[in-house]
Amino acid sequence: MDRKRLLLLAVIAAAIAAFFAFDLRQYLSLEFFQASRARIDALYAAHPWQTAAAFFAVYVAVTALSLPGAAIMTLVAGAIFGVVTGTVLVSFASSIGATLAFLVSRFLLRDWVQAKVGDRIKAINDGVAKEGGFYLFALRLVPLFPFWLINLAMGLTVIRTWTFYWVSQFGMLAGTVVYVYAGTQLGQFRISAGLILAFVLLGLFPLIAKKALDAIKARKVYAKWADRRPARYDYNMVVIGAGSAGLVSAYIAAATKAKVALIEKHRMGGDCLNTGCVPSKALLRSAKLLSHIARSRQFGIERASAEFDFADVMQRVQRVVQAVEPHDSVERYTGLGVDCVTGAATITSPWTVDVATAAGSRTLTTKNIVIAAGARPFVPPIPGLAEVGYLTSDTVWNLRTLPRRLVVLGGGPIGSELTQAFARLGAQVTQVEMLPRLLVREDPEVSALLKQRFEAEGIRVLVEHKAKQFLVDGGEKVMLAEHEGGDVRIPFDEVLVAVGRVANTSGYGLEELGIGTTKARTVETDEYLQTIYPNIFACGDVAGPYQFTHTAAHQAWYAAVNALFGSLRRYRADYRVIPWTTFTEPEVARVGINEQEAKQRNVPHAVTVYGLDDLDRAIADEEAHGFVKVLTSPGTDRILGVTIVGEHAGDLLAEYVLAMKHGLGLNRILGTIHVYPTLAEANKYAAGAWKRGTVTRGQWSFLAAFQGWRRGEHGLGKVLAEVGALLTDKRKAYPADTH
């Protein structure tokens with residue numbers, strides 16, 4: 001920090017220190033005003049301009065130094081100067097003082113903050129640069145936010161000084177009027193209708209301001225569509241997309257007697273039913289049966305074999321899809337009261353959706369729109385990929401001949417699940433991942449365990465290999481992968497691209513409406529899942545941040561309820577406890593943060609690990625591998641996150657999801673009876689391992705001495721000596737891995 005900054009900092013520190021050292025705060029209290037009211041009124045009557053100027057200067061100083069007392073001074077302004085003069089004085093003094101505090105914060109701290117955490121607050125800077133004035137105006141309208149904190153915080157951003165001043169001037173005006181008026185009533189020192197009204201206004205002002213702000217924002221975004229707003233609507237809600245999010249949204253609307261239309265251009269059920277969760281789990285089940293047959297010796301069976309046709313396996317997958325299909329069918333939802341429309345939707349205004357159907361085009365008018373358009377596999381632009389042809393998680397289900405040599409591009413959940421399934425069905429599978437390990441979002445030991453299992457099953461796992469080019473060489477398909485500066489040739493018959501999914505955000509009118517997308521290429525929404533238009537919502541894969549069927553359904557509740565009842569009450573989407581599972585073998589299930597995330601975020605945590613090789617049921621099932629790993633807040637049993645690797649890990653995780661959702665700690669899990677012998681006992685044993693890790697060596701020594709005294713082996717003196725040691729010994733008997 002240079003000399004100018006140090007000098008300014010010293011002056012400000014001295015002024016603040018003097019304020020508290022000389023107890024100047026007593027002069028900024030209602031008690032002082034009451035005691036001095038007569039003298040102040042006489043001074044104002046004799047020297048009105050000088051008194052007003054002195055008050056103005058003190059108010060500016062208090063605000064600029066972020067000292068307590070501005071609210072009291074606002075009330076006093078009403079009592080002394082009246083509504084008009086008091087409002088003028090406070091409005092300009094508070095805005096000038098706030099701007100001075102803003103400039104001081106910017107001069108002293110902005111460069112340092114931007115240098116230290118500029119990358120982390122880039123999103124905030126971008127938002128302020130785009131709509132900083134509106135953000136500031138929103139904060140100024142709601143007095144619940146400490147104004148002094150807003151002054152200092154905005155100084156660290158990129159907002160312009162003049163914008164900060166005039167927005168503050170107008171944004172604080174309504175609140176200033178209410179407070180000054182309250183001061184005029186307090187000045188009478190008696191209960192009156194006006195005084196009661198003033199306090200009612202003070203209480204209601206944040207709510208009124210919020211509603212006014214919402215109305216201003218809505219008026220702004222709807223301005224160019226005003227002439228297209230229908231006088232009446234065909235529907236309360238139109239839902240675009242009949243995947244998990246769309247189905248749940250439509251179901252909730254119909255259940256609440258709203259009139260709802262559900263538009264789907266392909267197949268009801270979306271990706272989950274037709275190309276995702278349902279078919280993949282059906283395929284994994286068949287593959288798992290074959291893996292058990294291959295492991296028959298482990299189960300005491302000398303020889304076992306299976307004859308099968310890959311086409312029959314894939315036909316079974318389709319049979320499973322067809323069995324589940326009625327749950328998501330047009331017939332079911334029509335019976336529930338939903339108008340199901342097959343066609344391509346285009347949003348033409350905030351209240352109209354055009355649908356291109358086989359019978360022609362029709363326009364639906366609606367009070368609200370829920371976008372649940374889902375996502376699709378991302379195909380990277382790798383040279384030659386399109387020419388050699390490729391499969392994705394959408395098209396792989398069309399296979400009826402097992403590829404002899406299969407390359408799976410991607411080491412995430414989808415790629416890993418399909419890698420293991422096809423390998424167990426007899427394909428020679430090479431899994432290629434450009435990052436250092438599989439399932440990179442999980443802890444390193446999880447990735448290592450999965451890689452070890454894959455390689456034991458004959459899968460070739462190539463990490464840190466970046467796909468560079470696809471070509472046909474001598475009639476053979478070849479992928480060139482870059483690794484450690486050289487090229488690795490990988491011949492194959494089919495390649496499955498599983499490098500992630502991207503939200504469907506184009507082709508149905510978002511661009512024309514100006515609805516933006518995030519850096520993750522999802523529809524931009526707020527915490528209520530609203531887009532820039534208060535009546536248009538998005539949920540599921542198209543909205544992010546998670547691409548799971550269960551989170552899509554979870555979001556759909558918020559989107560539907562906020563759309564239908566948001567004028568009465570809105571609900572923020574709750575992402576505090578989000579579980580997920582990768583259905584490889586072993587399964588990998590997680591909720592909350594894991595160890596690598598805790599370290600990256602500098603979250604204090606203790607780690608407890610229970611190995612499933614110790615669990616009776618896992619041993620009996622020949623599945624004695626994997627672990628339960630629990631992160632807790634140090635010194636408490638509060639669960640921060642859980643990772644389970646092993647048989648039925650996704651099922652075992654449910655107990656921890658419930659515990660985290662409802663604030664239950666490991667002590668409650670430890671005190672719960674679990675059936676023996678089950679895999680679920682692993683959760684109790686993990687809680688027991690945590691409990692042992694909280695016991696100190698001194699506590700064990702005391703217990704040993706106490707029990708020895710009860711047996712008559714030694715006197716009471718030894719027990720008392722251990723009590724003394726117990727008060728100072730904090731060493732753990734079973735040291736936990738605490739960070």
Side-chain angles (χ1 to χ4, degrees), residues 230 233-274 327-357 361-375 503-510 513 515 522-523 525 528-531 533-544 547 549-566 570-571 573:
Y233 305 95
D234 300 326
Y235 297 96
N236 297 97
M237 180 192 295
V238 167
V239 181
I240 299 174
S244 177
L247 291 171
V248 173
S249 296
Y251 183 95
I252 291 172
T256 57
K257 301 305 178 183
K259 190 174 182 183
V260 55
L262 176 61
I263 305 171
E264 173 55 56
K265 66 179 179 180
H266 293 310
R267 291 176 288 182
M268 293 282 286
D271 295 330
C272 180
L273 172 64
N274 298 291
H327 301 167
D328 301 340
S329 64
V330 170
E331 291 76 15
R332 182 187 179 216
Y333 275 79
T334 299
L336 292 171
V338 177
D339 287 349
C340 298
V341 183
T342 300
T346 303
I347 305 173
T348 53
S349 82
W351 309 281
T352 55
V353 179
D354 287 354
V355 187
T357 68
S361 181
R362 55 182 290 204
T363 298
L364 311 180
T365 60
T366 178
K367 184 73 172 176
N368 299 284
I369 298 171
V370 172
I371 301 168
N504 295 318
T505 58
S506 62
Y508 53 91
L510 298 190
L513 268 71
I515 296 175
T522 57
V523 174
T525 63
Y528 303 101
L529 298 177
Q530 286 177 305
T531 64
Y533 296 94
N535 72 313
I536 300 180
F537 298 77
C539 57
D541 289 0
V542 76
Q547 292 191 341
T549 297
H550 48 280
T551 52
H554 178 72
Q555 285 184 320
W557 185 91
Y558 291 95
V561 170
N562 286 336
L564 296 170
F565 304 104
R570 295 189 301 167
Y571 296 87

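The figures that follow rest on heavy atoms only: side chains count, while hydrogens, waters and symmetry mates do not.
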Interatomic distance, [X] atom [atom1] to [Y] atom [atom2] [nearest 0.5 angstrom]:
X    : Y    : atom1 : atom2 : answer
D328 : Y251 : CG    : OH    : 12.5 Å
I369 : S349 : CD1   : OG    : 7.0 Å
T346 : I240 : OG1   : CD1   : 8.0 Å
W351 : T365 : CH2   : OG1   : 12.0 Å
I371 : L529 : CD1   : CG    : 11.5 Å

Would V330 and E264 count as a side-chain contact (heavy atoms from CB on, under 4.5 Å) if you check the C-alpha gap in whole Å, the side-chain angles of each, and the deciding distance to 0.1 Å?
-> CA-CA 10 Å; V330 170; E264 173 55 56; over 6 Å; no
Checking side-chain contact (heavy atoms from CB on, under 4.5 Å) for the pair T531/L513: CA distance, chi angles, key distance, verdict?
-> CA-CA 10 Å; T531 64; L513 268 71; over 6 Å; no
Within a strict 4.5 Å, meaning less than it, do heavy atoms of the [X] and [Y] side chains meet?
X    : Y    : answer
M237 : L564 : yes
I515 : I347 : no
V341 : R362 : yes
D339 : K259 : yes
N504 : D541 : no

Please confirm whether the backbone N or O of [Y] pairs with a side-chain atom of [X], one donor and one acceptor, at under 3.5 Å?
X    : Y    : answer
D234 : T366 : no
N535 : K367 : yes
T522 : A503 : no
T525 : A538 : no
D354 : T348 : no

Over all atoms of both residues, closest heavy-atom pair of [X] and [Y]:
X    : Y    : result
V542 : A373 : CG1-N, 3.9 Å
M268 : C340 : CE-SG, 4.2 Å
L364 : A261 : CD1-CB, 4.0 Å
S249 : V239 : CB-CG2, 4.1 Å
V338 : A254 : CG2-CB, 3.8 Å
Q547 : A375 : NE2-CB, 3.9 Å

Could you walk me through whether L273 and R267 pass the side-chain contact (heavy atoms from CB on, under 4.5 Å) test, one step at a time?
-> CA-CA 9 Å; L273 172 64; R267 291 176 288 182; over 6 Å; no
Should we say atom CZ of R332 is surrounded by more than 12 heavy atoms from elsewhere, each under 6.0 Å from it?
-> yes
Would you indicate whether Y508, at its atom OH, is surrounded by more than 12 heavy atoms from other residues, nucleotides or ligands within a distance under 6.0 Å?
-> yes
Of the options Y528, Y558, W557, F565, which is the one that meets Y571 in a ring-ring contact (aromatic ring centres under 6.0 Å, His included)?
-> W557
T549, T551, D271 screened by side chain to side chain contact (heavy atoms under 4.5 Å, CB included) with S244, the one that passes |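 It is T549, the one option of T549, T551, D271 that forms the side chain to side chain contact (heavy atoms under 4.5 Å, CB included) with S244.
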Check the pair V260 / V370 against side-chain contact (heavy atoms from CB on, under 4.5 Å), numbers first and verdict last.
-> CA-CA 10 Å; V260 55; V370 172; over 6 Å; no
